[in-house]
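Here is the structure we will look at, set down as structure tokens.
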Amino acid sequence: DVKVTQSSRYLVKRTGEKVFLECVQDMDHENMFWYRQDPGLGLRLIYFSYDVKMKEKGDIPEGYSVSREKKERFSLILESASTNQTSMYLCASTSDTYEQYFGPGTRLTVT
Amino acid sequence: SQQGEEDPQALSIQEGENATMNCSYKTSINNLQWYRQNSGRGLVHLILIRSNEREKHSGRLRVTLDTSKKSSSLLITASRAADTASYFCATAAYYGNNRLAFGKGNQVVVIP
């Protein structure tokens with residue numbers, strides 16, 4: 001079975017801090033995605049990557065950056081956390097089949 | 001980007017009843033998928049239907065796709081308390097690096 005893990009289930013950070021969210025998948029998938037999920041807004045794509053060192057902006061990239069140095073790992077970086085980045089962050093991966101496998105999510109609170 | 005929109009947003013039913021959710025989208029698609037999310041957890045893939053398919057079954061799930069109306073429905077038959085979750089539809093374009101556009105979700109509560 002595909003397994004996607006995220007570094008933290010819950011995270012509390014202060015405004016202005018640099019935040020790293022890590023995602024690791026164990027199925028050699030080429031494509032990885034970061035979403036944020038907010039009540040009433042559904043899932044919105046922040047960034048995705050279709051290969052090592054490759055990245056593309058999603059629908060809401062502002063305030064975020066990503067890093068993919070190894071195929072299995074995709075990191076989301078909040079350069080200077082703000083309260084409007086309080087959200088549930090979901091990582092997903094897929095091969096060429098379109099079906100996405102999700103991690104358990106990280107609930108980030110910025111105070 | 002295209003986006004699925006589910007209707008209705010919240011559904012409360014008795015155990016054993018059927019639950020139906022609908023999803024509409026705006027542009028041409030390669031496939032449409034349904035996902036389930038239990039409270040506070042990640043999404044789990046349920047079923048994928050391709051644009052050239054009209055109906056698909058998986059266990060107690062039945063999905064239909066009408067590309068002329070740009071809509072899909074998900075039917076859960078003989079619902080169980082464990083089916084209580086949010087359900088999302090997601091569409092994939094023909095050219096999109098495997099990107100999916102998700103709807104806002106449909107909350108289903110199955111009362112034992």
Side-chain angles (χ1 to χ4, degrees), chain A residues 1-6 8-10 21 23-25 27 29-51 54-61 68 74 87-109, chain B residues 1-10 21 23-26 28-53 56 58 61 63 65 72 85-107:
Chain A
D1 280 349
V2 175
K3 191 165 184 183
V4 180
T5 57
Q6 295 184 227
S8 305
R9 288 298 316 279
Y10 300 94
L21 302 182
C23 176
V24 178
Q25 50 95 4
M27 280 302 289
H29 284 169
E30 295 82 11
N31 306 285
M32 296 187 75
F33 305 82
W34 275 107
Y35 298 90
R36 65 176 282 175
Q37 182 179 22
D38 301 287
L41 296 178
L43 273 73
R44 294 179 292 168
L45 181 65
I46 305 171
Y47 267 98
F48 65 101
S49 169
Y50 52 90
D51 202 351
M54 305 300 288
K55 61 184 179 185
E56 285 199 27
K57 294 179 180 179
D59 299 319
I60 51 163
R68 192 159 180 207
F74 191 34
S87 186
M88 169 73 108
Y89 289 88
L90 293 163
C91 174
S93 72
T94 186
S95 58
D96 291 331
T97 61
Y98 287 98
E99 172 187 341
Q100 292 193 7
Y101 296 85
F102 282 81
T106 296
R107 190 167 292 281
L108 172 68
T109 302
Chain B
S1 60
Q2 58 196 304
Q3 185 169 23
E5 293 283 347
E6 295 92 348
D7 173 64
Q9 271 68 55
M21 288 153 272
C23 169
S24 60
Y25 57 92
K26 296 188 173 105
S28 297
I29 61 170
N30 176 293
N31 66 76
L32 184 143
Q33 305 175 37
W34 286 90
Y35 289 78
R36 183 188 74 228
Q37 183 181 35
N38 292 96
S39 180
R41 310 292 298 186
L43 279 69
V44 175
H45 182 265
L46 295 176
I47 195 165
L48 180 153
I49 186 165
R50 300 192 185 282
S51 60
N52 60 354
E53 297 175 310
K56 203 160 182 181
S58 176
L61 304 179
V63 171
L65 179 65
S72 171
S86 293
Y87 293 83
F88 293 85
C89 72
T91 53
Y94 278 100
Y95 308 104
N97 289 322
N98 292 4
R99 283 183 63 162
L100 295 178
F102 283 85
K104 292 182 173 54
N106 221 321
Q107 188 170 5

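What you are looking at is a predicted structure, and each value in this text was computed from that prediction instead of being measured. Reminder, nothing fancy here: chain letters follow the sequence lines and each chain counts from 1. The basis for the numbers below is simple: all heavy atoms, side chains too, and nothing from hydrogens, waters or symmetry mates.
Remark: the backbone N or O of A:Q100 is paired with a side-chain donor or acceptor of B:Y35 at under 3.5 angstrom.
Interface summary for chain B: among A:G58, A:G42, A:G105, the most heavy-atom pairs under 4.5 angstrom belong to A:G42.
Interface residue A:R9: only side-chain heavy atoms are found under 4.5 Å from chain B. Proximity to chain A (any heavy atom under 4.5 Å) is restricted, for B:L48, to the side chain, taken from C-beta onward.
Nearest approach of B:L100 to A:Y98, heavy atoms of both residues: CD1-O, 4.0 Å. The two residues A:F33 and B:R99 make their nearest non-hydrogen contact at CE2-CA, 4.1 Å.
For the side chain to side chain contact (heavy atoms under 4.5 Å, CB included) test with B:L43, the passing option among A:F102, A:Y35, A:Y101 is A:F102; the others fail.
Side-chain contact, B:Q37 with A:Q37: a donor N or O sits under 3.5 Å from an acceptor N or O.
Taking CG of A:L41 as the reference point, atom CZ of B:F102 lies at 15.0 Å (rounded to 0.5 Å).
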**Study point:** Criterion side chain to side chain contact (heavy atoms under 4.5 Å, CB included) on A:M88 and B:R41, from CA distance to verdict
**Key:** CA-CA 10 Å; A:M88 169 73 108; B:R41 310 292 298 186; over 6 Å; no
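Listed by chain and number, the residues in a side chain to side chain contact (heavy atoms under 4.5 Å, CB included) with B:S58 are B:I47 (sequence neighbours excluded). With sequence neighbours excluded, the residues that form a salt bridge (charged side-chain N to carboxylate O under 4.0 Å, His left out) with A:R36 are A:D38.
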